[in-house]
There are 2 protein chains.
Amino acid sequence: MSPPLKPKSHCLSPSEIEGRLISAGVQPTAQRIAICRFVLCEADHPTAEQVKAWADQNFPRLSLATVYNTLHTLVGAGLLREYRFPHLEQVVYDNNLGAHHHFLDEATGRILDLAGDEVKVSTHLASRIQVEGVEVLVRGRIT
Amino acid sequence: MSPPLKPKSHCLSPSEIEGRLISAGVQPTAQRIAICRFVLCEADHPTAEQVKAWADQNFPRLSLATVYNTLHTLVGAGLLREYRFPHLEQVVYDNNLGAHHHFLDEATGRILDLAGDEVKVSTHLASRIQVEGVEVLVRGRIT
DNA sequence: ATGATTGCAAATGATTTGCATCATA
DNA sequence: TATGATGCAAATCATTTGCAATCAT
C-alpha cells in the first residue's frame with residue numbers, strides 16, 4: 001500500500017473541538033465531540049457506516065441515528081462537507097473546507113483531496129449560464 | 001421555463017435501434033427496444049424511476065427488474081452511460097457517448113451536457129499519479 | 001431443447017423518521 | 001422545567017436478487 005500523498009491533517013483536542021462546535025452554534029454534546037474527534041481529525045473521507053463502526057469501538061451506545069444527525073448538523077454548521085462519488089452509493093464526508101477537487105484511485109476506491117492548484121478548470125459557457133461552482137473528479141491510479 | 005441550450009438529439013427508428021442492439025451484441029427483445037426508444041432518444045438524463053414511469057404508459061407489464069436489467073445491459077454494451085450526481089441519490093443515465101461534462105442547474109435540479117470545448121481542465125499532479133479520466137460538474141443557474 | 005430474458009415478490013443497503021427518554025441550558 | 005439531543009425500532013427509497021414462467025435461437 002503506497003503512503004498518502006500528503007501528511008494527515010493535525011488533530012484537535014477535545015476542548016478545541018468543543019470551541020469549534022460552540023462558535024459554529026452547535027451544542028457540544030459528548031456524542032458530537034466524540035464523532036468530531038474522528039471525523040474532523042482521524043478520518044479520511046469516511047462514510048456514515050465507518051463513523052458508526054468507529055463509534056462502536058470508541059463510544060459505546062452511540063446510535064446510528066445520532067451518527068446521521070450529527071453528520072448533518074456538522075455539514076449544516078459548515079464544519080464538514082459531504083460528497084457523493086460515482087463508484088460509491090454512500091455519501092462520504094470531508095473535513096477539508098478549502099476549495100479543492102478529488103482524485104479517485106481506481107485500484108483501491110480511495111479518495112484523495114487535490115489542492116486547488118493541482119487542477120485548473122476554465123469554462124466557456126453561454127452568457128445565460130451563471131457559474132456558482134465547479135467540481136472536478138480525477139480518476140486514475142497511483143503507480 | 002427556459003428552452004434547452006441545444007436541440008434534442010434526433011430519434012432512432014425501432015429498426016435502427018434493433019440494429020444498434022445487435023451490433024452491440026445485445027438481444028433485441030421487445031422490452032429492450034421499447035426502453036431504448038425512450039432512453040436513447042426521447043429522454044434527457046432519466047433515472048430508472050422515470051424509465052419505469054414511461055414504460056407504464058407506453059409498454060404495459062414491463063417490470064421494474066427489467067428496467068434495471070436493461071439499463072445495466074445497455075451500459076455494459078457501451079450504448080449508455082450512468083452517472084451519479086451530488087444532489088440526487090438516484091443514478092441517472094446519459095445517451096451522450098462522447099467526451100463531455102455536466103452542468104447542474106441549481107434552480108431546477110436539471111442536468112445538461114456540456115460539450116468538451118465548453119470546459120477546459122488541466123491537471124498538475126505528482127508523477128506517481130496516472131490520470132485515466134476527468135469528470136467536471138459545473139453548478140450554477142440559467143438566467 | 002437450451003439458454004437468455006422477463007415478471008413478481010421478497011431481500012438488501014443506505015438513510016430517515018417517530019417517538020419516548022434523557023441531558024443541558 | 002423547557003428545549004434540544006439521543007436511542008431504538010420501524011419506515012422509506014433505490015436497487016438487487018431468487019426463482020419460476022416465457023421467449024428466442
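To find a chain, count down the sequence lines: A is the first, B the second, and so on, and within it residues start at 1.
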Response to the item:
Sorted by chain and number, sequence neighbours left out, salt bridge (Lys or Arg N to Asp or Glu O under 4.0 Å) with B:R141 holds for A:E132
Item to complete: Determine, for A:E135 against B:R139, whether the closest basic-nitrogen to carboxylate-oxygen distance falls under 4.0 angstrom.
Response: yes
Worksheet entry | Strand-adjacent residues in residues 82-89 of chain B, judged by heavy atoms under 4.0 Å from DNA chain C | none
Response to the item:
Counted 5' to 3', the first and last nucleotides of DNA chain C within 4.0 Å (strictly under) of a heavy-atom of chain B are C:dA4 to C:dC8
Discussion item. Tell me which one of B:V136, B:L112, B:D94, B:V92 satisfies side-chain contact (heavy atoms from CB on, under 4.5 Å) with B:H102.
Written reply: B:D94
Discussion item. Main chain of A:L79, side chain of A:N95: is a donor-acceptor contact present, judged purely on distance under 3.5 Å?
Written reply: no
Discussion item. Between B:Q90 and B:Q27, which residue's closest nucleotide on DNA chain D lies nearer the 5′ terminus?
Written reply: B:Q90
Practice prompt. Can you label the angle between the B:W54 ring and the B:F38 ring as parallel, tilted or perpendicular, going by 30° and 60°?
Written response: parallel
Practice prompt. List in chain and number order the residues that pass salt bridge (Lys or Arg N to Asp or Glu O under 4.0 Å) with A:R32, two or more places apart in sequence or in another chain; answer none if no residue qualifies.
Written response: none
Item to complete: Flag the pair B:H101 / B:V119 as yes when at least one side-chain heavy-atom distance between them is below 4.5 Å, and no otherwise.
Response: yes
Worksheet item: Is the B:Y93 to B:H45 ring centre distance short of 6.0 Å?
Response: no
Item to complete: Could I get the full list of salt bridge (Lys or Arg N to Asp or Glu O under 4.0 Å) partners for A:E82, not counting sequence neighbours?
Response: none
Item to complete: Measure up the B:F85 and B:Y83 rings against each other and bin them: parallel (under 30°), tilted (30 to 60°), perpendicular (over 60°).
Response: parallel
Discussion item. Using a strict heavy-atom distance below 4.0 Å, which residues from residues 50-69 of chain A are in contact with DNA chain D?
Written reply: A:R61, A:L62, A:S63, A:A65, A:T66, A:N69
